[in-house]
Amino acid sequence: MFISKSISRFLPSQHNFTFETNIERLKRPNAPATEEPTCPDVGGAALITSPPQVSSFSSDTIEASFKIKCSDGKIFKSLQDAKKNLQMGTESSVEFKFLQSGSFTWSLSRTGSKFYSYILRRGDVIMQLHARSPESTIPNCSLHIGSISCHSNPIQIYKDWKRTMEFIGFHFMYEKVSRIDICADVAVNISELDIYNDNKRICRSTNVDVKSQDYKKTGIVIAPGGDVHFRAYSKDLEMLKKQATEKIEFFYDLWSLPVLTPVTRFEYQLRGDAIKEIFGKDCNTIEEIIYSIGPAWEYLTIEWLRFTEHEFDRKNKHHSRAETSTFWKMIQDIPDTKFKAKR
């Protein structure tokens, strides 16, 4: 399944990417409005009675793997020596620079991970490296761009990182995005949303997990653990529960809302084959993926999951004729509002 239209309107002029299109029912952004078919009204309407404020739309986490060739053998020797010295002490990390000038300062961890010997952090950007050959079947570099960076300027962060790595002496031979989270934050209390009724939800997955706290429903997860999964949850409560002071300050400033204003996050996480199926086989780099999240969002909110205005008769398969809820139509249209993804 591929996104249904060219992504050229989401790209800067120097790009001319186009992808295969086989979801013909996906609406084009400026297509004339058509009346949706309706089904018998067998339940109440959605709870929202006035349009809430859409506060942001962006990628939220992105991860990619790379195969890189190092032209300077001293680079990994420097990493090895720094890590060895660190492990002789009690500190969990140490500052590390690949070059005395012209490169970022990273925080090098004293331990590695399953596939990588070196973990380096810079804010919520995490790079992992291994000295193995780029000819190996396992990539020797990975990059994780976290939530705050994704809501700031992920494309520039990615470009600056890649340019610096090339300046240091690394040559990129392969790149593949392995995870992308796409989210919209809406200034509405999740308790006001009618998202828990099975007969108002049409989805490609029937695996649904309802979250609760203090006997109150606080969110929903659909297809947990799948290559595509959806979450709707109270973002303000999540940050407060984690005491994420930095994120609270950052997001409320981004949203231009008073602190503690209820905000619900609608989030899709895509992994593995789902990325190739939704974005297209020729869309591989972080830059290409982020520029494509608008059309991907349309597919995910129209074809993969939607909520209906009224209950429908699931037994008699009337769901295809059920009218999409007014609130969910707003969610579907977010990429075409002034809230464009951060690039």
For [X] versus [Y], what's the shortest heavy-atom pair and its separation?
| X | Y | answer |
| --- | --- | --- |
| L143 | V125 | CD1-CG1, 3.7 Å |
| Q332 | R306 | NE2-CB, 4.2 Å |
| C150 | S59 | CB-O, 3.2 Å |
| H144 | E63 | ND1-OE2, 2.9 Å |
| G219 | Y196 | N-OH, 3.2 Å |
| C141 | Y116 | N-CE2, 3.4 Å |

Open item on the list: If you apply the rule ring pair (Phe, Tyr, Trp, His ring centres under 6.0 Å), what do you find for F307 with F266, and how did you get there?
Closed with: CA-CA 13 Å; F307 293 90; F266 301 89; 8.0 Å; no
TODO: Please state whether the rings of F76 and Y118 are parallel, tilted or perpendicular, taking 30° and 60° as the class boundaries.
DONE: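 Geometry flag for Y118 against F76: tilted rings.
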- [ ] Can you label the angle between the Y268 ring and the F230 ring as parallel, tilted or perpendicular, going by 30° and 60°?
- [x]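 Plane angle between 30° and 60°, so tilted.
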Open item on the list: Using a 6.0 Å distance limit plus a 45 degree cone around the ring axis, check whether K211 lies over the aromatic ring of Y233.
Closed with: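 No.
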- [ ] Measure from NZ or CZ of R121 to the centre of the six-membered ring of F96 and say whether it is under 6.0 Å with the direction within 45° of the ring axis.
- [x]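 No.
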Any carboxylate oxygen within less than 4.0 angstrom of a Lys/Arg side-chain nitrogen, looking at [X] and [Y]?
| X | Y | value |
| --- | --- | --- |
| K276 | D273 | no |
| K235 | E238 | yes |
| K329 | E323 | yes |

Are side-chain heavy atoms of [X] and [Y] found at a separation under 4.5 Å?
| X | Y | value |
| --- | --- | --- |
| I293 | F57 | yes |
| Y174 | S65 | yes |
| E287 | K159 | yes |

Task: Candidate pair E175 and K162, rule salt bridge (charged side-chain N to carboxylate O under 4.0 Å, His left out), full reasoning - done: CA-CA 11 Å; E175 176 178 352; K162 194 170 183 179; 3.5 Å; yes
Task: Donor on one side chain, acceptor on other, S55 and D185, under 3.5 Å - done: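 S55 vs D185: no donor-acceptor pair found between side chains.
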- [ ] Check whether Y158 and M173 end up in the same hydrophobic cluster, where Ile, Leu, Val, Met, Phe, Trp and Tyr are linked by side-chain heavy atoms less than 4.5 Å apart.
- [x]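 They do not share one cluster, since no chain of ILVMFWY contacts under 4.5 Å joins Y158 to M173.
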Task: Joint hydrophobic cluster, F170 plus F167, side-chain heavy atoms closer than 4.5 Å - done: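 As far as the 4.5 Å side-chain criterion goes, F167 and F170 are connected within one cluster.
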TODO: List the steps and the verdict of salt bridge (charged side-chain N to carboxylate O under 4.0 Å, His left out) for D81 and K84.
DONE: CA-CA 5 Å; D81 291 345; K84 184 177 180 180; over 6 Å; no
TODO: Report the C-alpha separation of F250 and Y252 in whole Å, then their side-chain angles, then the decisive distance to 0.1 Å, and conclude whether the ring pair (Phe, Tyr, Trp, His ring centres under 6.0 Å) test is met.
DONE: CA-CA 6 Å; F250 174 84; Y252 276 103; over 10 Å; no
